[in-house]
Amino acid sequence: MSGPSNVKESPITGRDQLVEYLATGARPASEWTIGTEHEKFGFRLDDLRPPTWEGPDGIEAMLRGLTRFGWETYKEKGKLIALSKAGASVTLEPAGQLELSGAMLQDIHQTCCETNLHLREVKTVSEELGLGFLGMGFQPKWRRDEMPWMPKGRYKIMREYMPKRGNLGLDMMTRTCTVQVNLDFSSEADMVKKFRVSLALQPIATALFADSPFTEGKPNGYLSYRSHIWTDTDPDRTGMLDFVFEDGFGFERYVDYLLQVPMYFSYRDGEYLDLSGQDFRKFLRGELPSLPGVLPTMKDWADHMTTAFPEVRLKKYLEMRGADGGPWNRLCALPAFWVGLLYDQESLDAAWDLVKDFTMQERHALRDGVPKHALKLPFRGATVRELALEALKIAGNGLKRRNRLNATGASEAVFLEPLLEFALANETPAERKLALFHGAWKGSVDPVFKEFAY
């Protein structure tokens, strides 16, 4: 096979290439890594408003400030929009939410060191600029029309298309933050089992991490409003992917799903070409009206794969997408939860035993119910809390068996402690903030920016 750059730019001649692309993600367990991503809201210390891209205290100045720590710059049409260093990157979500996409690391101890170092660098630069950063699932104070937009071509296309498909897509883009982890599989069968387990248990992560109870300064009736937003963003590219649980599911079936997802764009000659709503299958036949006779490349396919937003997303790895953003210890807890469940065979088997008889209706009831009720959502004569405690036990045992120890001899299971504490107390981060709002904060969300900033 030719080198990756040639593969990406060579035209795709058939569906089998798309299936093969996913299949090449398989790697032996000895080579599995952990890639963690998290987003956070910037705010100006003087008035709590989100910083714009330009200006002396803007997001561009923030990125430029981070270059002192060895980050390389990436520009689009002359505008600084991203940084990269040693397999990691710092990128911008549509309203300037700052995202760390971490390097592919061996264990959660390394992940937590990477996160802590990044947050220290961010704090160093942001304090000089009069900025702070907050980890929550949804912007607690500002309206959609008060959020800035970053100068990225793909976001302009998505901004215009989103309102055609749902009412909350622009909120998803500008007012949400998440923490995610990307995990490997060893074979198609291993991918299928992990996909099923993680889809079925994704609502449990949503419940444990629920931290978006405020909209525009007031309680919004949800514990994870961020999770609710995805239910009214774009039905073509979101949801629980029931077909994953059907007999015969594998790489081919996922490719067929992606081919049904309407396109957003094609990036050609340094420009984002608006192809929103168009059919990738026609692209494969060279029949796109705006690109007559042009065939897509693997780069087009890789880009297209990033425009589907299900609860778990398959690329050359599996991406867990159910959790609200949060403080630094939960940024380490999210990868620990999923690594404990999916990277130890005994745990993966136990997790599958836990969820394998869930009906489609039950999986949807969990997905649709946890944004509002989180751990207290009734389920099979008990609540989601009991399910969460069982999942945490399985994950903890998996992390102990992995036996990746830090300098003091602690296993990765130590990173589950904040989640265990929430589950045992039957109280989410969102409920704790609501108690403060109704109590010590005297009906204001402003203290969240001081008390919960990084």
Side-chain angles (χ1 to χ4, degrees), residues 1-10 12-37 84 87-89 91 101-108 110-111 180-202 237 241 243-246 248-261 280 284 296-322 334-335 337-345 347-348 351-352 398 402:
M1 186 183 280
S2 53
S5 58
N6 296 338
V7 171
K8 282 193 170 178
E9 296 312 321
S10 59
I12 299 168
T13 54
R15 173 175 166 274
D16 54 338
Q17 277 171 272
L18 310 181
V19 176
E20 176 60 22
Y21 180 79
L22 287 177
T24 59
R27 54 183 67 197
S30 59
E31 294 175 19
W32 289 352
T33 56
I34 303 160
T36 306
E37 305 173 24
S84 63
S89 61
T91 55
S101 296
M104 298 189 297
L105 301 173
Q106 301 300 310
D107 59 51
I108 313 296
Q110 292 177 1
T111 294
Q180 300 178 183
V181 65
N182 304 323
L183 297 175
D184 290 312
F185 47 83
S186 61
S187 64
E188 186 168 40
D190 186 47
M191 178 278 291
V192 170
K193 190 167 186 174
K194 286 174 174 169
F195 208 152
R196 289 172 175 169
V197 164
S198 55
L199 259 181
L201 287 178
Q202 208 61 222
R237 61 187 82 240
L241 305 190
F243 64 83
V244 169
F245 295 90
E246 293 171 3
F249 171 70
F251 295 130
E252 287 195 39
R253 181 66 184 83
Y254 194 78
V255 164
D256 289 341
Y257 157 71
L258 284 174
L259 288 173
Q260 291 165 0
V261 172
F280 204 98
L284 283 174
T297 68
M298 288 311 293
K299 175 76 171 68
D300 288 311
W301 179 244
D303 284 344
H304 181 64
M305 290 171 74
T306 69
T307 67
F309 308 119
E311 293 292 298
V312 177
R313 180 161 66 186
L314 175 62
K315 295 181 185 170
K316 288 189 176 186
Y317 46 82
L318 285 164
E319 194 176 283
M320 309 299 136
R321 299 173 47 81
L334 189 275
F337 179 71
W338 289 114
V339 165
L341 288 169
L342 304 183
Y343 270 15
D344 172 79
Q345 191 60 48
S347 285
L348 180 60
W352 176 237
R402 266 170 61 83

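Remember, predicted model here, so these are calculated numbers, not experimental data.
- Under the 30°/60° scheme for interplanar angles, the aromatic rings of Tyr257 and Phe243 are found to be tilted.
- Contact of the Lys193 side chain with the Gln345 side chain is registered, since non-hydrogen atoms from C-beta on lie closer than 4.5 Å.
- Contact detail for Phe185 and Leu22: the closest heavy-atom pair is CZ-O, 3.9 Å.
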**OP:** List the steps, then state whether side-chain contact (heavy atoms from CB on, under 4.5 Å) holds for Val312 with Phe195.
**Re:** CA-CA 7 Å; Val312 177; Phe195 208 152; 3.6 Å; yes
Original post:
Yes or no on side-chain contact (heavy atoms from CB on, under 4.5 Å) for Leu18 and Leu259, after CA distance, side-chain angles and deciding distance?
Top reply: CA-CA 10 Å; Leu18 310 181; Leu259 288 173; 4.0 Å; yes
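- Heavy-atom minimum distance, Ala351 versus Leu201: CB-CD1, 4.3 Å.
- The shortest heavy-atom contact between Leu241 and Tyr254 is CD1-CE1, 4.0 Å.
- No donor-acceptor distance shorter than 3.5 angstrom exists from the side chain of Arg402 to the backbone of Gly340, with no hydrogens or angles considered.
- Minimum interatomic distance between Leu183 and Val339 (heavy atoms only, all atoms of both residues): CD2-CG2, 3.7 Å.
- Distance CG/Asp184 to NZ/Lys316: 11.5 Å, rounded to 0.5 Å.
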**OP:** Assess whether side-chain contact (heavy atoms from CB on, under 4.5 Å) is satisfied between Gln180 and Trp338, documenting all intermediate values.
**Re:** CA-CA 10 Å; Gln180 300 178 183; Trp338 289 114; over 6 Å; no
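- Considering all non-hydrogen atoms of both residues, Met305 and Arg313 come closest at O-CD, 3.7 Å.
- By the 4.5 Å heavy-atom criterion applied to side chains, Asp300 and Ile12 are not counted as neighbours.
- In this structure, CZ on Arg196 lies 12.0 Å from CG on Leu348, to the nearest 0.5 angstrom.
- Under the 4.5 Å side-chain criterion, counting only non-hydrogen atoms from C-beta, Val192 is not in contact with Phe251.
- Between Asn182 and Met320, every side-chain heavy-atom pair lies at or beyond the 4.5 Å cut-off.
- Note that the CD atom of Glu252 and the CD atom of Glu188 stand 7.5 Å from one another [nearest 0.5 Å].
- Within the 4.5 Å cutoff, the side chain of Gln17 has heavy atoms near those of the Thr13 side chain.
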**OP:** Output, in order, the C-alpha distance, side-chain angles, deciding distance and verdict of side-chain contact (heavy atoms from CB on, under 4.5 Å) for Val255 and Trp301.
**Re:** CA-CA 10 Å; Val255 164; Trp301 179 244; 4.3 Å; yes
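- Among all heavy-atom pairs drawn from Lys194 and Leu342, the shortest one is CE-O, 3.0 Å.
- Distance check, rounded to the nearest 0.5 Å: NE2 of His304 to NZ of Lys299 gives 13.5 Å.
- Gln110 CD to Asp107 CG: the interatomic distance, rounded to the nearest 0.5 Å, is 4.5 Å.
- The side chain to side chain contact (heavy atoms under 4.5 Å, CB included) test with Val181 singles out one residue from Thr111, Thr36, Leu318, Ile108, and that residue is Thr36.
- Here CZ of Phe249 is found 4.5 Å from CE of Met191. Values are rounded to the nearest 0.5 Å.
- At distances below 3.5 Å, not a single donor-acceptor pair connects side-chain atoms of Thr33 with backbone N or O atoms of Met104.
- With a 4.5 Å cut-off on side-chain heavy atoms, Asp256 and Arg15 count as touching.
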